[in-house]
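We use all heavy atoms of the structure for the numbers below, so side chains are in, but hydrogens, waters and symmetry mates are not. Index from 1, following the sequence.
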Amino acid sequence: SMGLDCFPAELNDEVHMRPDKVLRFLLGDNVIESLPHQIGALINLEELDASQNKLKVLPSALQKMGVLHTLKVSNNDLLEVQEVLVNLRSLKAFDASRNQITKISENLVKMRELEVFDVCHNRILKLPKCIGNWHKLQQLLVASNELTEFPAELAGLSSLQVLLPCLLYFLCMLPRSVAESDLRYN
């Protein structure tokens with residue numbers, strides 16, 4: 001922890017720093033409340049870890065990060081998984097566990113490379129149907145939420161390997177044809 005309460009101003013100095021050369025950016029364990037739009041200059045960023053901060057929203061500048069494959073924003077104050085992730089087509093791992101999330105955007109259909117989606121320990125009431133488009137999803141981690149709805153589209157995810165036990169209850173509630181599909185869990 002560096003004890004940062006804001007985004008480092010040095011990163012705005014394009015004379016001494018080449019934002020296009022930054023591949024990993026680790027901002028975890030600080031008290032940062034927001035990420036500025038300048039973060040969008042990190043166009044070749046592959047991993048962003050902003051866990052254990054005070055973030056309330058994800059910046060729209062994330063949309064510019066076309067090669068971002070890992071986004072960690074656990075232990076913040078996020079209220080929703082926003083549409084700003086819609087263009088993150090290279091995203092493979094998303095960790096937004098331990099926030100205050102109640103809603104996941106229905107428009108995240110383009111995240112086709114996603115393998116790990118961790119939203120444990122939030123207040124999510126339902127999972128979006130767009131999860132059915134995440135054909136490479138291997139781990140869906142949603143324990144300790146307030147789920148009241150479970151999308152039938154999840155049954156079509158043949159790559160899914162980890163489905164936390166709290167969801168097994170919902171499998172019993174699905175129509176028999178969906179519940180008997182090739183949905184594996186460990």
**Q** Test: ring-ring contact (aromatic ring centres under 6.0 Å, His included). Region: residues 46-83. Which pairs qualify, not counting sequence neighbours?
**A** none
**Q** Going by salt bridge (charged side-chain N to carboxylate O under 4.0 Å, His left out), name the residues that satisfy it together with Lys64, two or more places apart in sequence or in a different chain.
**A**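 So Lys64 forms no salt bridge (charged side-chain N to carboxylate O under 4.0 Å, His left out) with any residue.
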**Q** My understanding is that only residues two or more places apart in sequence, or in another chain, count here; which of them pass side-chain contact (heavy atoms from CB on, under 4.5 Å) with Lys56?
**A** Asp77
**Q** Checking Leu79 now: which residues fulfil side-chain contact (heavy atoms from CB on, under 4.5 Å) with it, not counting sequence neighbours?
**A** Gln100
**Q** Without swapping roles, check the side chain of Asn145 against the backbone of Ile124 for a donor-acceptor pair under 3.5 Å.
**A**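 Checked: pair present.
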**Q** Taking the side chain as C-beta and beyond, is there a heavy-atom pair between Leu114 and Leu108 under 4.5 Å?
**A**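 Of all side-chain heavy-atom pairs linking Leu108 with Leu114, none is under 4.5 Å.
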**Q** OG1/Thr70 to CD/Glu47 distance, rounded to the nearest 0.5 angstrom?
**A**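 Result: 5.0 Å between the selected atoms.
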**Q** If you round to the nearest 0.5 Å, how far is CG of Leu27 from CD of Gln52?
**A**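 Answer for the CD-CG pair, Gln52 versus Leu27, is 12.5 Å.
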**Q** With a 4.5 Å limit on heavy-atom distance, are the side chains of Val116 and Asp95 in contact?
**A** no
**Q** Go through the structure and list residues passing side-chain hydrogen bond (donor to acceptor under 3.5 Å, both in side chains) with Asp49, not counting sequence neighbours.
**A** Ser51
**Q** Identify the heavy atoms of Val81 and Val119 that sit nearest to each other, and give their distance.
**A**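 Minimum heavy-atom contact is CG2-CG1, 4.4 Å.
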**Q** Rounded to the nearest 0.5 Å, how far does OG of Ser158 lie from CD of Gln138?
**A**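 These two atoms lie 10.5 Å from each other.
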**Q** Provide the full list of salt bridge (charged side-chain N to carboxylate O under 4.0 Å, His left out) pairs with a residue in residues 112-138, sequence neighbours left out, each pair given once.
**A**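 As it turns out, the salt bridge (charged side-chain N to carboxylate O under 4.0 Å, His left out) pairs with a partner in residues 112-138, which skip direct neighbours, are Glu113-Lys136.
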**Q** Using atom types as modelled and distance alone, determine if a side-chain donor or acceptor of Thr148 lies under 3.5 Å from a backbone N or O of Leu125.
**A** yes
**Q** What pairs meet the ring-ring contact (aromatic ring centres under 6.0 Å, His included) rule with one or both residues in residues 100-144, with sequence neighbours excluded?
**A**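 Only Phe94-Phe117, Phe117-Trp134 qualify under ring-ring contact (aromatic ring centres under 6.0 Å, His included).
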**Q** If you round to the nearest 0.5 Å, how far is CG of Leu42 from CG of Asp20?
**A** 9.5 Å
**Q** Among pairs that include at least one residue of residues 78-87, which meet side-chain hydrogen bond (donor to acceptor under 3.5 Å, both in side chains), considering only residues two or more places apart or in two chains?
**A** Gln63-Asn87, Glu83-Asn107
**Q** May I ask you to decide if Leu55's main-chain N or O and Asn99's side chain share a donor-acceptor pair within less than 3.5 Å?
**A** no
**Q** Which pairs pass ring-ring contact (aromatic ring centres under 6.0 Å, His included) with one or both residues in residues 27-63, sequence neighbours excluded?
**A**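 Output for this query is empty, none listed.
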**Q** State whether the side chain of Asn122 and the backbone N or O of Leu78 hold a donor-acceptor pair below 3.5 Å, judged by distance alone.
**A** no
**Q** List the atom of Cys130, the atom of Ser105, and the distance in Å for their closest heavy-atom pair.
**A** SG-O, 3.8 Å
**Q** Using every non-hydrogen atom in the two residues, find where Leu68 and Leu48 come nearest and quote the distance to one decimal.
**A**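 Here Leu68 and Leu48 meet closest at CD1-N, 3.8 Å.
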**Q** By side-chain hydrogen bond (donor to acceptor under 3.5 Å, both in side chains), which residues pair with Asn44, not counting sequence neighbours?
**A** none
**Q** Report the residues that fulfil side-chain contact (heavy atoms from CB on, under 4.5 Å) with Pro59, sequence neighbours left out, ordered by chain and then residue number.
**A** Leu35, Ile39, Leu62
**Q** If I compare all heavy atoms of Gly66 with all of Ser90, which pair ends up nearest, and what's the gap?
**A**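 Heavy atoms only, the tightest pair is O-OG, 2.9 Å.
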**Q** On a heavy-atom basis, which atom in Val84 and which in Ser60 lie closest, and how many Å separate them?
**A** CG1-CA, 3.5 Å
